Amino acid sequence: MATTNTGISKFKSNFQGGARPNLFECRVTFPDNNQALREQSRFLIKATSGIPTSAIGQIEIPFRGRNLKIAGDMTFAEAWQITVINDVDFNLRDAFEGWVNRINNHEANVSDDAIFGQHLGYMRNMEMVQLDRDGDENGIKTYTFVDAFPTNVSAIALAADSNDAIEEFTVDFQYQYWTAEGVTS
């Protein structure tokens with residue numbers, strides 16, 4: 001009986017275990033470069049919208065009843081979202097609320113460039129690292145969201161009958177573009 005190159009043994013020899021969606025780490029850089037907050041965020045960010053989309057627009061050029069489709073511009077329209085576990089010290093919640101408030105003050109409706117130290121100083125690079133099962137914190141691949149800033153800090157729902165839950169909130173970031181380092185195809 002002849003063997004084929006498409007059997008389970010061939011699949012097994014070409015499969016390295018698969019990347020796991022629960023093995024990731026988000027590295028948030030706050031405007032004041034607070035290392036304690038950065039370290040806390042590594043552990044209290046429990047979810048992310050994940051690996052970003054690559055989307056190139058298309059331009060259609062009509063010609064004699066047909067459309068020639070050519071590549072347009074790369075777009076980065078999707079927000080990058082993280083889900084944060086709210087600890088009793090409210091450190092991360094306070095940091096995100098403060099960041100948004102300094103971008104556009106709740107009361108005065110102005111930006112606080114003096115706190116940021118420079119024009120557009122509220123923008124920071126963020127990282128999402130896909131980790132491997134070997135525990136190496138350098139990860140398999142790192143996505144950097146360049147010049148990111150928070151645009152939404154979600155509400156936290158409260159209820160008297162939620163006695164076996166931990167508070168969570170989401171933060172949406174807009175960014176200029178993303179880069180990737182690590183595994184290449």
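Predicted, not measured: the structure shown is a model, and the values here were computed from it.
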- Query: Do Phe24 and Phe43 belong together in a cluster built from hydrophobic side chains that touch within less than 4.5 Å?
  - Reply: no
Heavy-atom nearest pair, Gln176 first then Phe149, reads NE2-CE2, 4.0 Å
Would you say the side-chain atoms of Arg124 pair up with the backbone N or O of Pro31, donor to acceptor, closer than 3.5 Å? yes
On a heavy-atom basis, the closest approach of Asn34 and Leu37 is OD1-N, 2.9 Å
Using the rule given for side-chain contact (heavy atoms from CB on, under 4.5 Å), can you reason through Ile61 versus Ile70, listing the C-alpha separation, both sets of side-chain angles and the distance that settles it, and then say yes or no?
CA-CA 8 Å; Ile61 303 171; Ile70 63 171; 3.7 Å; yes
Of all heavy-atom pairs linking Ala79 and Tyr175, the shortest is C-CE2, 4.5 Å
Rounding to 0.5 Å, atoms OG1 (Thr144) and CG (Asn125) come to a distance of 6.5 Å
Any side-chain to backbone donor/acceptor pair from Trp99 onto Tyr122? Under 3.5 Å, distance only. yes
For Met128 and Cys26, the nearest pair of non-hydrogen atoms, with its separation, is CG-SG, 4.1 Å
Here the gap from Tyr177 atom OH to Phe76 atom CZ, rounded to the nearest 0.5 Å, amounts to 9.0 Å
Give the cluster check for Leu131 versus Ile82: same hydrophobic cluster or not, with ILVMFWY residues linked at side-chain heavy-atom distances below 4.5 Å.
no
Practice prompt. Report whether Leu158 and Val88 are members of the same hydrophobic cluster (ILVMFWY, side-chain heavy atoms less than 4.5 Å apart, transitive linking).
Written response: no
Using side-chain heavy atoms (C-beta onward) and a distance below 4.5 Å, is Trp80 in contact with Pro52?
no
Student check: side-chain heavy atoms of Val146 and Trp178 closer than 4.5 Å: no
Checklist entry - Can any side-chain N or O of Asn152 pair as donor or acceptor with the backbone N or O of Val171 at less than 3.5 Å? => result no
With a 4.5 Å cut-off on side-chain heavy-atom distances among I, L, V, M, F, W and Y, is there a chain of contacts connecting Ile45 to Phe90? no
Output for pair (Ile140 CD1, Leu23 CG), nearest 0.5 Å, gives 8.0 Å
- Message: With a 4.0 Å cut-off on N to O distance, would you call Lys46 and Glu168 a salt bridge?
- Response: yes
CD of Glu167 to CG of Asn86, rounded to nearest 0.5 Å, is 5.0 Å
Output for pair (Met123 CE, Phe145 CZ), nearest 0.5 Å, gives 15.5 Å
* Please say whether the positively charged group of Arg93, taken as NZ for Lys or CZ for Arg, lies over the ring of Phe169, i.e. under 6.0 angstrom from the six-membered ring centre and within 45 degrees of the axis. => yes
May I ask you to decide if Pro21's main-chain N or O and Gln130's side chain share a donor-acceptor pair within less than 3.5 Å? no
Between Asn67 and Pro62 the two heavy atoms that sit nearest each other are OD1-CA, 3.3 Å
Where the side chain of Thr48 meets the backbone of Gln81, is there a donor-acceptor pair that is under 3.5 Å apart?
yes
So CZ of Phe173 and CZ of Phe96: to nearest 0.5 Å the spacing works out to 4.5 Å
On a heavy-atom basis, the closest approach of Val28 and Met126 is CA-SD, 3.6 Å
Partner of Glu25 under salt bridge (Lys or Arg N to Asp or Glu O under 4.0 Å), picked from Arg38, Arg42, Lys141, is Arg42
query = Is there a side-chain contact (heavy atoms from CB on, under 4.5 Å) between Thr179 and Tyr143 once you walk through the steps?
reply = CA-CA 6 Å; Thr179 62; Tyr143 291 88; over 6 Å; no
| query | Would you find a donor on one side and an acceptor on the other, under 3.5 Å apart, between the side chain of Asn105 and the backbone of Ala108? | reply | yes
* Asked: Any sub-3.5 Å donor-acceptor pair from Asn14's side-chain atoms to Lys10's backbone N or O?
  -> yes
ask   = Are Ile59 and Ile56 co-members of a hydrophobic cluster defined by side-chain heavy atoms under 4.5 Å apart?
value = no
